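Everything numeric in this text was worked out from a predicted model, so none of it was measured.
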Amino acid sequence: MASFILADVPPMSGRTVVITGANSGIGRVTASVLAERGARVVLAVRNRDKGLAAAAEMRGHTEVHRLDLADLSSVREFAGRFTEPFDLLINNAGLSLPPLKRTADGFELQFGTNHLGHFALTNLLLPQVRDRVVTVSSLAHHIGSINFADLNWRRRRYRAHPAYGQSKLANLLFAHELQRRLAAAGSSVISTAAHPGIATTNLVNVDAGQLFLLEKALIGKVSHSAAAGALPTLQAATADLPGDAYVGPIGLLGLRGAPGPARRAAKARDADAARRLWDASEQLTGTAFPWTSHERTPPYDTAGERPRDTSPTTDRRPSHTADQEEEATS
C-alpha cells in the first residue's frame with residue numbers, strides 16, 4: 001500500500017458518495033474533499049440544520065438528508081429515498097463515552113449507533129452501491145470484546161469505555177464479514193475499513209469528570225488535525241486497494257501521521273465471531289445481506305434483547321454492469 005496524501009485523491013466527477021456524520025470532524029473533511037474533487041456528496045446527518053450549515057461551506061455538489069442511526073425507522077426512511085445507483089457508502093458517524101442511554105429500538109447507544117445503525121443502513125443500500133463500502137473504526141477496537149450474551153449491556157454494569165471498544169471491534173468484524181459475503185456473491189463491490197488515529201474532533205463531548213479532563217489533555221498532546229485524521233478514510237474510499245484493506249496512521253503507534261496499512265487485533269480477524277455477530281445483527285435489526293443465503297451460526301442468547309421482525313429478502317445477484325454532529329475518531 002503506497003503512501004497517500006491529499007493530492008492523491010482522484011477526480012470524482014460523475015460519482016456519488018453517501019457519508020454518515022458528515023457535518024463535523026473527519027466526516028466533514030471527507031465530504032468537503034470529495035465534493036471539491038467533483039463528486040456529488042450526500043451528507044447523511046442527524047441534525048439537518050447543522051448539515052446544511054456544513055454543506056454551505058463546501059465547494060461542489062452537496063445534498064443534505066436527515067439520518068438518525070439510533071433509530072431504525074429513520075435508517076429505513078433514509079434508505080428508501082435511494083433507489084438509483086451510487087458509488088461509495090462511507091460509514092463514518094459515531095459517538096463515544098456517553099452515560100448509559102438507549103436507542104429508539106432499545107439498544108445500548110454506542111453499539112446501536114456505531115454498529116447496528118450502519119449494519120442496517122449498509123444492507124438496505126447495498127443493492128445500489130457500485131464501488132465500495134468504507135467503515136470507520138478506531139484504535140479502541142483493541143480494548144473491545146464482543147459479549148454475545150449481553151450485546152446491549154442489560155445484565156452487567158455499564159462501562160462506557162468497554163462499550164465503545166465493543167462497538168468499534170464490531171465495526172471491523174462487520175467490514176471483514178461484509179467483504180467475505182461480497183466475494184462469495186461474485187460482487188465487484190468491496191468492503192474496506194479505516195481509523196483516524198487520534199483526531200481533534202468533537203466526538204468525545206461528554207464531561208465525565210476529572211478522568212475525562214485528564215484524557216482530553218493527553219489526547220491534545222498526541223492528536224493530529226481532523227484534516228489529517230480524514231486521510232485514512234479518503235485512502236480507503238478512493239485508492240486502489242483490495243477488499244478487507246484496513247488503513248490508518250502509521251506514525252506514533254498508529255495515533256497520528258501519514259496513512260498506510262493499519263494493524264488490527266487478532267480478534268478483529270476472527271471469522272467465526274464475525275459470522276456470529278452478523279447473524280446477531282440481522283436478528284436485532286431485521287435487515288440481511290441482499291443477495292445470497294448463508295448457513296447461520298447457532299443463535300446467540302437473545303434473552304433481554306429486542307430482535308426486529310425480518311422482512312423477506314429478495315435473492316438478487318449483484319449487477320456488474322451498472323455503471324450527526326457525530327463523527328468518527330479514536
Side-chain angles (χ1 to χ4, degrees), residues 6 9-95 104 113-114 117-136 189 191-192 194 196 201-203 226-227 229-231 233-238 287 290 319 322-328:
L6 192 60
V9 177
M12 298 290 290
S13 297
R15 294 168 68 77
T16 297
V17 184
V18 176
I19 309 177
T20 67
N23 60 288
S24 62
I26 68 170
R28 180 172 181 160
V29 174
T30 302
S32 181
V33 169
L34 295 178
E36 188 173 337
R37 291 294 194 275
R40 169 196 171 210
V41 177
V42 177
L43 286 70
V45 298
R46 185 169 61 86
N47 186 313
R48 192 166 183 274
D49 289 339
K50 292 185 177 181
L52 289 170
E57 297 181 4
M58 299 179 188
R59 292 188 294 175
H61 184 177
T62 59
E63 300 175 15
V64 178
H65 294 273
R66 186 179 183 278
L67 169 64
D68 185 354
L69 289 162
D71 184 344
L72 290 177
S73 66
S74 176
V75 173
R76 291 182 181 279
E77 181 182 356
F78 177 90
R81 292 196 290 266
F82 286 85
T83 57
E84 77 282 2
F86 65 96
D87 300 281
L88 293 170
L89 171 61
I90 301 179
N91 291 324
N92 163 82
L95 77 166
T113 301
N114 299 351
H118 282 128
F119 177 90
L121 181 70
T122 300
N123 279 310
L124 292 169
L125 289 179
L126 202 53
Q128 278 70 255
V129 178
R130 292 183 290 205
D131 183 2
R132 71 186 71 182
V133 177
V134 180
T135 301
V136 179
V189 174
S191 167
T192 63
T201 73
N202 68 335
L203 177 68
L231 282 176
T233 300
L234 288 165
Q235 184 173 18
T238 65
T287 63
S319 170
D323 275 305
Q324 99 176 163
E325 43 279 91
E326 298 164 349
E327 73 284 337

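- Residues G51 and V64 share a closest heavy-atom pair of O-CG2, 3.6 Å.
- Using a 3.5 Å distance cut-off with no hydrogens or angles, the side chains of N92 and T233 do not pair a donor with an acceptor.
- Residues R66 and R81 approach most closely at O-NH2, 3.2 Å, considering heavy atoms.
- No side-chain heavy atom of Q235 sits under 4.5 Å from any side-chain heavy atom of T192.
- Considering only heavy atoms from C-beta on, M58 comes within 4.5 Å of L43 through its side chain.
- Put simply, the side chain of S24 does not reach to within 4.5 Å of the side chain of K50, judged on heavy atoms.
- If you check the side chains of H118 and T20, you find a donor sitting under 3.5 Å from an acceptor.
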Under the side-chain contact (heavy atoms from CB on, under 4.5 Å) criterion, do T238 and L34 qualify, and how do the steps go? CA-CA 9 Å; T238 65; L34 295 178; 4.0 Å; yes
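- Taking 4.5 Å as the limit, some side-chain heavy atom of E84 sits within range of a side-chain heavy atom of F82.
- For the pair V129 and V18, the minimum side-chain heavy-atom distance is 4.5 Å or more.
- Between T287 and V75, every side-chain heavy-atom pair lies at or beyond the 4.5 Å cut-off.
- Checking each of N91, V134, I90 against I19 for a side-chain contact (heavy atoms from CB on, under 4.5 Å) leaves exactly one that passes, namely I90.
- Residues I26 and V136 form a side-chain contact, since some pair of their non-hydrogen atoms from C-beta on lies under 4.5 Å apart.
- We find the NE2-CZ distance between H61 and R40 to be 6.0 Å, quoted to the nearest 0.5 Å.
- Rounding to the nearest 0.5 angstrom, the gap separating the CG atom in L52 from the CG atom in N23 is 10.0 Å.
- Closest approach of V29 to A227, counting heavy atoms only: CG1-CA, 3.9 Å.
- Using a 4.0 Å cut-off between a side-chain N of Lys or Arg and a carboxylate O of Asp or Glu, R28 and E57 qualify as a salt bridge.
- Closest approach of A237 to L88, counting heavy atoms only: O-CD2, 3.5 Å.
- Here the straight-line distance linking atom CD of E36 with atom CG of L6 works out to 8.0 Å at 0.5 Å rounding.
- Smallest separation of non-hydrogen atoms from A236 and A194: CB-CB, 4.0 Å.
- To the nearest 0.5 Å, atoms CG (D68) and CG (N47) are separated by 10.5 Å.
- Of the inter-residue distances, the one linking D71 atom CG with F78 atom CZ reads 14.0 Å to the nearest 0.5 angstrom.
- Looking at heavy atoms from C-beta onward, D87 lies out of side-chain contact with M12 at the 4.5 angstrom threshold.
- When all heavy atoms are compared, the tightest approach of A79 to L124 is CB-CB, 3.6 Å.
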